[in-house]
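Step one of this worksheet: look at the structure below.
Any value given below was found using the heavy atoms of this structure, including those in side chains, with hydrogens, waters and symmetry copies removed.
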Amino acid sequence: MHERKSVVAGGFGLPAGGARVDAPPVLRLAGLPVSALLEMRLERSFELAQEIARLGEWLDGEAGELSDALFAEIGALTGDSRKPQVVGLRRALHQGRRPRAREWNAGVEDALSAGVAGRVREWLARSQVRERLAADLPEILAADVRAAEDRMRGVAAEPRFRRALSQASPSLFAELTKWLQDDAHRPRAQTMTRLAKYVSRAAAKTSPYSTFTISGVGEWGDADRLDGLSRYGGVLDLDGYLIKSITRTLSAQPALRATLTVRANPSAIVQGDTVTFVGVPPQESIITVPCSPAVRECLRLVAEHPDRTLAVLAGSLAPGAEDRALPFLEKLVSAGLLSLEPPLSDQAGDPLAELSAWVAAAGDQQLMDVVEVLDRLRHELGQDVPVEDVEAHRARQDRLRAAIGRVIDRLGLPFPPVDELGKVIFHENAVFYGPPVTRSIDKWRPALDDLDTVRRWLAAFDPALPLRLALGTYCRERFGAGAAVSYLSLFRAVHEEVARQGEHSPAASEVVRYLRASPLPDTTALAASPLPRLRALAAIQEEARLTVLGEADQDGVVRTPTETLRRMIDRWPAWVSAPDSLGCYVQPIERREGLSLALNVAHSGFGRGRSRLARLVSRAGGTLPPDDAWLRPRPGTVYAELSGSFSSTLNVRAPMMAYEIDYPHTVTRRPGSERLPLSDLMVAHDSESDLVRVVSSRLGEQVVPLHLGMMADVLLPSVAQLLTWAFGATYYTHPSFSPLAVSPHRPSPDAITKHERVETGRIVLRRARWTVPAGLVPVRQAAEPDADFLVRLVEWLRGHGIPTRAYLRMWADGLWEEESADNRMGKWVMDKSRKPIYLDFSNWHLLGVLERMMRKPGPYLVFEEALPAPEDYREPAVAEYLVEISDRN
């Protein structure tokens, strides 16, 4: 067993204890090898197109200079009969065409000085070479495309890829299968384009979809090792909404409803003669009803005996008069003050087994066939099919769909036919059975030290910080300095402000603004804020941005020493505070001077991402390294994770925190001592800092509420969303809304804007990128030959310095619009056009992807350099690591 180490950032003005990496690293490995990206490139024709473009650039430049030189020569030919011919020569060169016989002949050549005549001969020779290459290109390109298709066929035959493709696109899988069986079934160009897109996705990206990517929890150790890459398998999950629908429908069956236990809404707060609570989803209205003696007694009974059924509770509430008590209790259930809980928690390890056991235990003969269909579905879901056996996996998919269809039909679920549900009804994740890699902590330590500085630097760009600052002022004005109110009181007040028509106070208007803002930092809006602290934040953000956006070095990279950032950060006020834990998705870059890390995404740490993977590995029967990173919080603070899955499989995970927030209308099995009911949470204003924090009334400590599921934060229910957004931790940087990625304002519609690569220490904060108005991207003209289009595209790339390989995003319209009632953050998160596509201009069929995008383009396309380049990977495939940098002061 390798020694497990922690890394502590040394010195640099960090507090005692420093930043630590206690959590094991997570590896996400692309499902196809890096070589797959190189296999599909045009071998000769793209280089030929580049040579044609290079010759064209030289010919254009030299023609301009020769035009000037010939102008002087013409001036010296006054009275010479050859002057008109030389004028014709100049005109031809100026137009970029080869001169006619009367414009270039021995007589014209004799009329020129030796130097100019020699340059004309050189221009003509190179022009002739270019014409010859251009004539050869169509045939070479056609042969190259055919050969690249054959190589792509070999790449796509890889079982892991075919297995994933069968889930992602069954129709394309069927076309590929025909081709693999018989080359006579070679797909059409459009199908080739789709296949190339999936192959590049599986080889260039690390999004954990099916077996396109394999994920695992690694270890820190004394040396780099790749010991466990060969042991992996697939884990299937049913869609979370399907599980929720099955549970809800079963709960409505009389025999099963009678077994449900009654639970009081964990948000319920009794104040005087009223009780306030969060209503049923999805609206989650804040409801206040009279707290009559009967309601009060009901809440007392449920608290004392939380395992009562509704009938038992009715008997306890009104002995001998249960029939009168039941309608009263049903009204409380309908309102949401009480809930009826099935024996299935949101985080159930085997939900189908628990549902089946529950139905069987009820003993209702009319439901026994439900047990059978649930057990059949569970059996198919749990079948272990080797990744290499694609046909067995396809057969299992068919059986799964049939089994799901039987469940839907038997229970009458509100779902369309299974054939129409396609890939959304169940999901597969590929996981390593054990730690796939060990990473040398000594090798990574310098880069991790710099990453900790970035953690502190990103605090200025926390998208939720403006809201937190505005909330402090708002709570002081609304509730009084130093006041403490329930979280529900704050939530209700804030949403009254959102709904209010007309004037707001300055603090209230800023709270409303930053509830709706896009994640892009908007220093201009901050600088114009009526709140002094937000204006101060604008100045801090501007300084933080300008500090890393200095002059580029000769190689076009902007570099800033991390010491410069640390000196600046040390001057910031205390209300610009770094997250206690930051989860960083990074890609290693091996350089002569040591390891560097390209930062892709940074979001809240505390096991987010890793907890979901830990559950999947456990379900696969794998083993996990020790992981107790967040069992020892800083004194006076507790971390609490949301308990619910909110109908999303992405939120089902292993527990990470010592506490969870007991959320209304979710089901948990954690003991009461580990639960913090929503009603327990108070929002306390600090008169000294003018900030607010969440405090547990029971524990008397500050609570940091955390969303550790992988569902987007903006898709959380509204009460949970404000809680985690305002008092927890969220996304800090993403290629879509990095502080350095793009301006929050619409870019120039008439020019291509280049942003240089930005590095601080050993961390790449921003890859080089080009923002291109859609109208400036070359598109194929009607009847334009393939070779001509390829050359024109290469000329465009060279003219703007855009790399041959890049990740391409297309921004949809509306993302730069002024704030409105719509949730701009939601637009950013849900807009799929921002997702990157790997584009290699030397891959003919990926050019087809670009052409398809340009049929209905957004206003802008963003090309981002592929860093590290495919050939620079030391791992066998494109790799991304999730590492947590944690402040354990």
Side-chain angles (χ1 to χ4, degrees), residues 1-10 18-30 206 208 213-233 235 429-452 455 581-590 594-602 605-632 653-656 708 762 873-886 888:
M1 189 74 179
H2 307 311
E3 181 184 358
R4 182 169 175 264
K5 297 184 179 182
S6 296
V7 59
V8 182
R20 303 178 65 89
V21 180
D22 287 337
V26 168
L27 168 67
R28 301 205 301 189
L29 194 70
T206 55
T213 297
I214 313 174
S215 303
V217 183
E219 294 181 294
W220 296 114
D222 53 5
D224 282 341
R225 298 182 181 88
L226 303 175
D227 298 333
L229 295 181
S230 61
R231 297 184 60 250
Y232 57 85
V235 181
N429 289 269
V431 298
F432 292 106
Y433 292 131
V437 295
T438 301
R439 284 292 165 241
S440 166
I441 197 63
D442 293 332
K443 178 180 178 180
W444 280 60
R445 187 188 306 272
L448 293 174
D449 286 343
D450 290 347
L451 194 58
D452 177 64
R455 175 185 69 90
S581 176
L582 192 69
C584 300
Y585 290 85
V586 297
Q587 289 180 267
I589 305 172
E590 299 280 357
L595 183 74
S596 291
L597 301 174
L599 177 62
N600 294 338
V601 174
F606 306 99
R608 185 172 189 176
R610 193 173 75 257
S611 58
R612 165 77 179 146
L613 179 57
R615 180 183 184 275
L616 293 171
V617 172
S618 297
R619 278 195 53 209
T623 58
L624 294 161
D627 185 2
D628 59 355
W630 288 103
L631 298 181
R632 304 179 302 278
R653 61 199 184 277
M656 282 281 137
L708 299 185
R762 299 166 184 84
Y873 279 93
R874 298 295 179 88
E875 285 91 348
V878 169
E880 182 181 54
Y881 290 86
L882 169 61
V883 296
E884 285 184 21
I885 303 293
S886 307
R888 302 300 294 280

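The side-chain heavy atoms of Asp452 and Asp449, taken from C-beta on, include no pair separated by under 4.5 Å. Side-chain contact between Leu595 and Leu597 is present, with at least one heavy-atom pair separated by less than 4.5 Å. Under the 4.5 Å side-chain criterion, counting only non-hydrogen atoms from C-beta, Val21 is in contact with Ile885. Inter-residue side-chain proximity for Val586 and Glu880 is flagged as unmet; no heavy-atom pair is nearer than 4.5 Å.
Taking each heavy atom of Leu616 and Val235 in turn, the nearest pair found is O-CG2, 3.6 Å. Minimum heavy-atom separation, Leu226 to Arg439: CD2-NH2, 3.4 Å. Contact between Leu624 and Ala614 at its shortest, heavy atoms only, is CD1-O, 3.6 Å. Counting all heavy atoms, side chain and backbone alike, Gly434 lies closest to Arg231 at N-NH1, 4.2 Å. Summarising the geometry of Val878 relative to Thr206, their closest heavy-atom pair is O-CG2, 3.7 Å, with the distance given to 0.1 Å. Across every non-hydrogen atom of Glu884 and Gly607, the tightest pair is OE2-N, 2.7 Å.
Between the side chains of Arg28 and Tyr585, no donor-acceptor pair is found at a separation under 3.5 Å.
Checked against ring-ring contact (aromatic ring centres under 6.0 Å, His included), Tyr232 has no partners two or more places apart in sequence or in another chain.
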- Task: Output, in order, the C-alpha distance, side-chain angles, deciding distance and verdict of side chain to side chain contact (heavy atoms under 4.5 Å, CB included) for Asn429 and Ser215.
- Result: CA-CA 8 Å; Asn429 289 269; Ser215 303; over 6 Å; no
- Query: Does the side chain to side chain contact (heavy atoms under 4.5 Å, CB included) test come out yes or no for Leu229 and Leu27, once each step is laid out?
  - Reply: CA-CA 10 Å; Leu229 295 181; Leu27 168 67; 4.0 Å; yes
- Derivation and outcome, side chain to side chain contact (heavy atoms under 4.5 Å, CB included), residues Met656 and Arg610: CA-CA 9 Å; Met656 282 281 137; Arg610 193 173 75 257; 3.7 Å; yes
- Stepwise, does the side chain to side chain contact (heavy atoms under 4.5 Å, CB included) test hold for Thr213 with Leu29? CA-CA 6 Å; Thr213 297; Leu29 194 70; 5.7 Å; no
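Taken from CD1 in Ile214 to OH in Tyr433, the straight-line distance is 10.5 Å, to the nearest 0.5 Å. The structure places CG of Leu451 at 12.0 Å from CZ of Arg762, a figure rounded to the nearest 0.5 Å.
Remark: side-chain polar atoms of Trp220 are paired, donor with acceptor, to backbone N or O of Ala23 under 3.5 angstrom.
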